[in-house]
Amino acid sequence: MEPTTLAVALGAVIGLVMALTGAGGGVMAIPLLVLGLHLPVQQAAPVGLVAVGLAAVLGAALGLRQGIVRYRAAALIGTAGMLMAPLGVFLAQRLPNRPLLGAFALVLIYTAWRMLRRSKLSIPLAAAALCRVSSTDQRLTWTLPCARALTGTGLIAGLLSGLLGVGGGFVIVPALTRYTDLDIRSIQLTSLAVIALVSLSGVSAAAMHGPLRWDVALPFACGAVLALLAGQQIAKMLNAKSLQQAFAWFSLLVALLMLARAMGWVAN
């Protein structure tokens with residue numbers, strides 16, 4: 001397949017995953033770019049962030065129009081993430097490719113395990129949530145433990161965003177599910193708002209360290225944006241738990257391929 005067409009097709013996979021889960025787009029972008037387009041992790045990371053960031057901006061904008069994005073929570077998590085993303089980029093530019101591939105595969109395995117575990121468990125009781133929605137004005141009630149938990153979530157997501165080129169949704173969605181009593185659709189779209197902010201910081205930092213592969217990033221991003229628009233409609237008709245399980249098993253398969261490449265068992 002011609003490289004530009006392949007980039008659009010691979011980007012479409014990312015946009016569809018983001019639309020259906022609110023996470024996972026960044027996690028899948030790096031394996032697809034490395035295995036499909038043969039980019040090193042250092043080049044694949046900012047390319048993935050461009051696509052994930054643009055798709056997340058679109059998804060968050062649609063959520064804001066519907067009034068279900070928790071913008072104050074997104075701003076807190078996103079600000080913390082933006083502060084940490086440049087550090088992740090700094091570390092990524094100074095680490096060799098194979099250890100990064102191995103680290104990414106381990107992150108992907110952990111993500112898949114968490115998704116499989118969560119798909120078999122019930123959502124935590126609202127009474128146990130640190131950040132609860134007020135019954136009077138339907139806004140999150142802010143407390144120090146709530147702010148601390150969401151800030152920590154942003155710091156972790158930002159570091160991984162810069163280091164591995166992920167948007168951080170695989171950290172943000174489980175954290176919002178654990179720490180808040182928001183419904184799943186609000187969690188997914190709030191996650192996209194955070195990803196948009198964190199990706200902006202990561203792309204800016206990466207651009208300062210070297211040129212971006214815009215010949216790959218633009219078609220990859222176009223595919224992601226178009227697929228996210230289509231996926232928003234598809235998501236309303238599909239079972240969330242079945243999608244979560246299928247994505248988790250697919251993630252495990254990709255992680256094994258990444259580990260094989262990191263160990264030198266699969267040629268570049």
Side-chain angles (χ1 to χ4, degrees), residues 1-21 23-55 88-89 92-93 95-116 160-170 195 199 202-203 206 210 212-228 231 243 245-268:
M1 187 182 295
E2 195 269 329
T4 300
T5 304
L6 180 58
V8 172
L10 295 178
V13 175
I14 301 307
L16 187 60
V17 169
M18 292 180 69
L20 298 178
T21 67
V27 170
M28 300 308 303
I30 305 305
L32 290 177
L33 289 166
V34 170
L35 299 176
L37 295 174
H38 308 292
L39 296 180
V41 172
Q42 288 82 355
Q43 289 185 10
V47 168
L49 279 180
V50 170
V52 168
L54 287 176
V89 172
Q93 297 298 323
L95 294 174
N97 193 53
R98 281 192 175 183
L100 275 182
L101 283 173
F104 192 88
L106 293 177
V107 169
L108 199 53
I109 290 172
Y110 174 74
T111 301
W113 174 76
R114 285 290 298 269
M115 293 188 74
L116 285 171
L160 292 177
S161 174
L163 182 62
L164 299 175
V166 298
F170 69 93
I195 291 169
S199 297
V203 170
L212 287 173
R213 288 289 304 274
W214 290 109
D215 59 317
V216 178
L218 292 180
F220 192 71
C222 286
V225 168
L226 293 174
L228 185 135
L243 284 170
Q245 291 176 347
F247 173 68
W249 287 112
F250 179 63
S251 297
L252 282 174
L253 175 61
V254 173
L256 292 176
L257 290 174
M258 297 289 283
L259 275 177
R261 176 164 289 194
M263 298 297 292
W265 298 336
V266 176
N268 290 328

Sorted by chain and residue number, the side-chain contact (heavy atoms from CB on, under 4.5 Å) partners of Trp113 (sequence neighbours excluded) come out as Tyr110, Arg117
Correct closest heavy-atom pair for Gly48 and Ala29 would be CA-CB, 4.0 Å
Ala105 and Leu259 have their tightest heavy-atom pair at CB-CG, 3.5 Å
Please set out all donor-acceptor pairs under 3.5 angstrom arising from side-chain atoms of residues 4-19, sequence neighbours excluded.
residue	atom	partner	partner atom	Å
Thr4	OG1	Glu2	OE2	3.4
Thr5	OG1	Glu2	OE1	3.3

side-chain contact (heavy atoms from CB on, under 4.5 Å) filter on Leu33, not counting sequence neighbours, yields Leu37, Leu39, Ala44, Val47, Val216, Phe220
